[in-house]
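Below is one structure, written out as structure tokens; the observations come after it.
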Amino acid sequence: MKLTCLAITCGGTGGHFYPGLSIARVFQRQDGEVLLLLSGVNSEKQREIAESYGVPAVVLPRMPSPKHARQFAAGLAGGVTGAYRELGKFRPQALLGMGSFASFPAIFAARLRGIPCFLHDGNARIGKANRLLSRQAKVLATAFPPVNGGTSKAKRTVVTGMPVRPELEAEAGISKEEAVAGLNRAFDAGLKPDLPTVLIFGGSQGASVFNRIAPEALRSLDAGRFQVLHLAGPDKLEETREAYRDAKFPLLLLPASEKMGLFLGAADLVLSRSGGSTVAELALFGKAAVLIPYPYAAEGHQADNARYLADADAAVLVDNTDFTARRATELFRDFLDAPEGWRHRAERARALAKPHAAETMLAAISDYFDSTR
Ligand SMILES: CC(=O)N[C@H]1[C@@H](OP(=O)(O)OP(=O)(O)OC[C@H]2O[C@@H](n3ccc(=O)[nH]c3=O)[C@H](O)[C@@H]2O)O[C@H](CO)[C@@H](O)[C@@H]1O
């Protein structure tokens with residue numbers, strides 16, 4: 001049976017929503033019919049984003065946090081009822097859950113309707129919600145080889161990679177010259193294609209610790225030898241601008257940008273957090289990185305993501321508590337004085353890339369239907 005109609009539940013944070021949206025867009029390009037079932041704090045906004053890409057989405061009743069058992073049970077009941085109704089109208093062949101407790105109602109409703117369920121986890125450690133739901137799943141797919149793969153109760157566990165935004169994936173082969181020229185055109189940035197380039201960003205929200213420490217470290221180096229791209233975070237521009245005051249090196253400083261392909265393409269070294277999408281994009285663009293995992297990520301999953309690259313000598317992992325201006329200066333200096341080591345890391349990163357993860361995920365679902373024919 002060919003897979004032609006799929007529902008995807010991807011509420012919760014951007015880390016669950018965007019990979020789900022990427023799969024939906026790729027499925028539409030394959031002429032598939034798709035519906036997103038969204039629940040969680042950001043679902044109204046996420047519905048608007050999905051619809052701006054022509055992807056239909058419905059918002060399910062909001063799920064309270066699992067920390068409050070009674071409200072959670074009541075919210076779950078409301079969510080399951082809503083999802084049951086939507087799945088009855090849409091009648092998908094399969095439901096794909098992208099992780100988080102926000103996917104519970106849709107998965108339970110699909111089970112009640114006898115619709116086969118599939119899961120995707122975007123980190124190197126299978127999250128709690130996916131572990132609990134895995135028994136319900138025909139396939140649990142993961143972005144990276146999971147450090148706790150044995151906890152999955154799914155019939156099959158496969159590594160598909162992390163679905164990356166189609167625009168970004170298309171730009172993965174961009175040369176540094178093209179990327180620098182693109183940034184200069186877009187931002188009138190005055191960057192030079194032949195200077196070693198450092199990109200700094202702290203995930204989608206930015207990280208104040210980077211905004212304080214990186215400028216301090218960079219200002220202690222010889223200004224003529226490098227240039228800097230820094231995405232400070234949506235509300236962190238002023239603090240960062242202040243930290244770079246009087247800096248003598250070329251600097252492109254923005255709160256955030258949609259043009260990540262140009263930023264990653266122009267970089268020779270990336271200093272960042274290690275969220276699932278960031279790690280996948282570093283590999284896809286073949287970039288050497290210094291990774292400082294967000295220390296409060298659930299069950300330390302950002303450290304597991306970072307280790308996936310660091311263990312392959314594709315990145316250097318620095319614990320958040322060890323990330324001082326002194327350590328940052330040492331690392332930047334090594335990057336400028338001994339670039340071969342970092343070029344080697346970049347090659348190692350590229351070797352770990354899993355392009356077309358959305359297609360691979362969809363193929364894993366199709367394979368299930370082929371095998372049950
Ligand atoms: C704090 C936290 O728990 N974050 C989690 C959240 O991450 P979150 O979604 O914040 O972080 P990710 O690294 O997964 O994604 C960041 C995304 O933002 C994009 N970007 C960033 C800056 C910018 O200016 N423009 C831009 O487009 C990057 O290209 C990337 O695609 O979900 C991920 C996947 O489950 C987890 O691994 C992370 O641990």
Side-chain angles (χ1 to χ4, degrees), residues 10-23 40-42 45-46 49 97-103 119-130 141-144 146-147 161-172 183 186-187 199-211 229-237 240 252-267 270-285 287 289 291-309 315 320 357-358:
C10 54
T13 67
H16 302 288
F17 168 71
Y18 282 101
L21 179 62
S22 297
I23 295 174
V41 271
N42 304 314
K45 178 86 192 118
Q46 290 172 346
I49 297 171
M98 302 301 295
S100 130
F101 284 94
S103 64
L119 297 173
H120 183 277
D121 199 295
N123 294 296
R125 174 177 295 273
I126 303 168
K128 210 183 262 174
N130 272 346
T142 62
F144 312 103
V147 295
M162 183 69 156
V164 165
R165 278 168 286 165
E167 302 72 26
L168 202 51
E169 178 134 6
E171 280 179 317
L183 289 174
F187 303 107
L199 166 63
I200 298 156
F201 73 102
S204 52
Q205 298 312 305
S208 290
V209 61
F210 291 10
N211 297 344
L229 313 171
H230 192 133
L231 298 165
D235 51 359
K236 302 185 173 70
L237 184 64
T240 316
L252 174 55
L253 170 64
L254 296 172
S257 174
E258 295 275 293
K259 299 183 187 296
M260 277 310 275
L262 296 181
F263 282 86
L264 285 165
V270 179
L271 185 130
S272 69
R273 292 290 190 204
S274 45
S277 294
T278 298
V279 165
E281 290 161 17
L282 288 169
L284 205 57
F285 280 76
K287 297 297 163 179
L291 296 174
I292 300 120
Y294 176 60
Y296 306 110
E299 301 181 292
H301 68 250
Q302 284 212 359
D304 294 307
N305 294 346
R307 259 181 236 117
Y308 172 62
L309 292 182
N320 199 62

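Counting starts at 1 for both ligands and their atoms, following the listed order.
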What residue and atom, counting heavy atoms only, is the protein's closest point to [atom], and at what distance?
{"atom": "atom 8 (P) of ligand 1", "value": "Ser204 OG, 3.8 Å"}
{"atom": "atom 35 (O) of ligand 1", "value": "Asn123 ND2, 3.1 Å"}
{"atom": "atom 14 (O) of ligand 1", "value": "Ser277 N, 3.0 Å"}
{"atom": "atom 23 (C) of ligand 1", "value": "Ser257 O, 3.6 Å"}
{"atom": "atom 4 (N) of ligand 1", "value": "Gln302 NE2, 3.8 Å"}
{"atom": "atom 22 (C) of ligand 1", "value": "Gly203 O, 3.8 Å"}
{"atom": "atom 6 (C) of ligand 1", "value": "Gly15 CA, 4.0 Å"}

Nitrogen or oxygen atoms of [X] and ligand 1 under 3.5 Å apart:
{"X": "Thr13", "answer": "no"}
{"X": "Leu231", "answer": "no"}
{"X": "Ser274", "answer": "no"}

ask   = Donor-acceptor pair, Asn305 side chain versus Ser274 backbone, under 3.5 Å?
value =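 Yes, Asn305 side chain to Ser274 backbone: donor-acceptor pair under 3.5 Å.
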
request  = Check ligand 1 against His301 and write out every atom of the ligand that is under 4.0 Å from a heavy-atom position of the residue.
outcome  =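 Close to His301: 36 (C), 37 (O), 38 (C), 39 (O).
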
request  = For Ala256, counting its heavy atoms only, list the atoms of ligand 1 lying under 4.0 Å from any of them.
outcome  =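 Listed by number with element: 24 (O).
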
query = Any idea which part of Gln205 is under 4.0 Å from ligand 1, heavy-atom wise: side chain, backbone, both or neither?
reply =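 It is neither; nothing of Gln205 touches ligand 1.
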
request  = Have a look at ligand 1 and work out which part of Glu281, if any, has a heavy atom under 4.0 Å from it: side chain, backbone, both or neither.
outcome  =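 Side chain only.
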
message = So, using salt bridge (Lys or Arg N to Asp or Glu O under 4.0 Å) as the criterion, who are the partners of Arg273 when residues are at least two apart?
response =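 Residues passing salt bridge (Lys or Arg N to Asp or Glu O under 4.0 Å) with Arg273: none at all.
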
